[in-house]
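First the structure, in the form of structure tokens, and then the observations on it.
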2 protein chains.
Amino acid sequence: MGEGQPDTRTRIQDAAAVLFRRNGYSGTGLKRIAAEADAPFGSIYHFFPGGKQQLTEETVRTAGTAYGRMVLELLDSLLDSLADDPVESVAKAFEAAADDLAATGYADACPIAAVAWEVASTNEALRVATADVFGEWVTAGEQWFARWVPDRDAARSLAHSLVMLLEGAFVLSRAARDREPLLLAGQSMATLLRTAIERTDRA
Amino acid sequence: MGEGQPDTRTRIQDAAAVLFRRNGYSGTGLKRIAAEADAPFGSIYHFFPGGKQQLTEETVRTAGTAYGRMVLELLDSLLDSLADDPVESVAKAFEAAADDLAATGYADACPIAAVAWEVASTNEALRVATADVFGEWVTAGEQWFARWVPDRDAARSLAHSLVMLLEGAFVLSRAARDREPLLLAGQSMATLLRTAIERTDRA
DNA sequence: GTCTATAAGGTGATAGAC
DNA sequence: GTCTATCACCTTATAGAC
């Protein structure tokens with residue numbers, strides 16, 4: 001107990017999260033996961049009897065939920081330091097995402113997108129797992145935007161746009177190894193939010 | 001010559017395009033490509049001596065360029081039938097994309113996104129190929145938007161947002177097997193374009 | 001429970017017959 | 001130039017020693 005190395009199961013899942021995020025599902029082998037986790041190969045099947053699919057599903061759900069929570073905490077903390085201006089907070093959040101991506105050599109973007117693209121047509125259990133995570137994100141975003149845009153549909157649309165602009169910007173920024181798409185996405189999201197707030201105030 | 005079955009090289013590339021789009025790079029085996037193309041395995045290496053990477057690079061560039069051209073033609077034809085209203089045209093284009101995606105059982109979205117996510121950190125030649133295609137799309141979009149938004153940076157930002165919203169909506173719609181994200185993305189894109197045009201008219 | 005060895009099949013790639 | 005057979009390696013998964 002206490003500090004020290006995390007247990008084997010956790011190390012396996014953490015290594016899997018890193019590799020799935022960077023190389024996708026088919027591009028990541030279980031041997032490689034065991035090696036990066038400093039765990040014997042057999043431990044994967046000991047802790048995840050369902051094999052690669054179970055490991056992937058748990059990793060997608062765990063890492064996906066954690067990422068959503070992290071983004072929300074970032075938004076709240078920016079809001080706190082920016083005089084409760086949600087438009088500025090959203091723009092700064094995209095800048096932070098651009099900084100993080102660049103800092104990892106354009107490797108670590110969305111933790112589940114590569115898997116989501118790959119499995120949607122080929123693995124039903126994993127497709128549902130990615131859809132559930134995206135759904136969580138949209139619901140959380142909807143509640144965040146509802147503070148300034150009480151109309152439910154409008155807030156839900158903003159949340160969708162936030163996730164979609166982020167996902168689209170990630171793939172463009174990662175391919176081009178350039179922060180620009182993420183920064184432009186942040187400005188577009190700011191414009192959408194500003195417009196929705198103006199529409200609310202006018203009503 | 002004339003009609004009849006396309007030649008072997010074309011059949012291989014067409015089959016590769018379909019499989020890469022649905023299953024990604026690592027998820028697509030050369031054996032499977034040969035089988036779907038009704039071509040002997042050796043023909044792949046006869047026509048693509050650079051192996052899987054060369055086949056993928058040519059497929060990404062060819063299918064990517066064709067897809068960009070198709071979207072632009074759709075936008076122009078919608079413009080024609082909608083009294084030259086670009087805002088309505090953009091919204092309808094996203095609806096058409098939603099229809100197409102649903103019609104293929106949520107299989108055929110962006111022809112290069114799955115590959116782009118997978119290879120960005122692992123294969124430099126393929127990363128550059130996907131970045132080049134995304135760049136083509138942004139440039140073409142910038143020119144299309146310039147008809148109503150002459151400011152170069154504003155038009156370029158709109159083009160980026162179009163591609164990013166489309167990519168993000170594709171991954172969400174495909175995962176959820178639901179047209180809603182694509183429809184919401186179209187409305188957001190319409191809002192962004194309307195705002196940019198208003199800003200232009202005011203200046 | 002931890003770890004090794006191996007099975008059974010798929011991978012990209014090549015050599016060479018026809 | 002079309003096609004087959006095969007190589008060496010890697011994949012997921014399992015059996016069983018310790």
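Residue numbers start from 1 in every chain, and the chains themselves are labelled A, B, ... in the order their sequence lines are given, proteins ahead of strands.
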What's touching nucleotides 16-18 of chain C from the protein side, N or O pairs under 3.5 Å?
none

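Counting only residues at least two apart or in different chains, ring pair (Phe, Tyr, Trp, His ring centres under 6.0 Å) contacts with residues 139-190 of chain B comprise B:Trp144-B:Trp148. Sorted by first and then second residue, the pairs that involve residues 24-33 of chain B and meet side chain to side chain donor-acceptor pair (under 3.5 Å), not counting sequence neighbours, are B:Ser26-B:Glu118, B:Arg32-B:Glu36.
Listed by residue number, there are no residues of residues 10-38 of chain A with a heavy-atom contact under 4.0 Å to DNA chain C. Contacts with DNA chain C (heavy atom under 4.0 Å) in residues 51-64 of chain B: B:Gly51, B:Lys52, listed by number.
In this structure the side chain of A:Thr10 reaches within 4.5 angstrom of the side chain of A:Asp7, judged on heavy atoms.
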Check: residues 190-198 of chain B side-chain donor-acceptor pairs under 3.5 Å, at least two apart:
| residue | atom | partner | partner atom | Å |
| --- | --- | --- | --- | --- |
| B:Thr191 | OG1 | B:Gln187 | O | 3.1 |
| B:Thr195 | OG1 | B:Thr191 | O | 2.8 |

Donor-acceptor pairs under 3.5 Å, side chain of residues 87-99 of chain A to any protein atom, not counting sequence neighbours: which ones?
| residue | atom | partner | partner atom | Å |
| --- | --- | --- | --- | --- |
| A:Ser89 | OG | A:Leu79 | N | 3.4 |
| A:Ser89 | OG | A:Asp85 | O | 2.8 |
| A:Asp99 | OD1 | A:Arg179 | NH1 | 2.2 |

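Qualifying side-chain hydrogen bond (donor to acceptor under 3.5 Å, both in side chains) partners for A:Arg9, counting only residues two or more places apart in sequence or in other chains: A:Glu58. Under the salt bridge (Lys or Arg N to Asp or Glu O under 4.0 Å) criterion, B:Glu124 pairs with B:Arg127, sequence neighbours left out. For A:Asp76, the salt bridge (Lys or Arg N to Asp or Glu O under 4.0 Å) partners at least two apart in sequence or on another chain are A:Arg147. Taking the salt bridge (Lys or Arg N to Asp or Glu O under 4.0 Å) definition, one finds that B:Arg22 meets it with B:Asp108, sequence neighbours left out. The side-chain hydrogen bond (donor to acceptor under 3.5 Å, both in side chains) test applied to B:Ser43 returns no partner, not counting sequence neighbours.
Relative to the side chain of B:Phe47, the nucleotides D:dT14, D:dT2, C:dT14 differ in distance, and D:dT2 lies closest. The side chain of A:His46 has C:dG1 as its nearest neighbour among D:dA13, C:dG1, C:dT14.
Residue contacts for B:Phe48: at a heavy-atom cut-off of 4.0 Å it reaches no nucleic acid atom on any strand shown.
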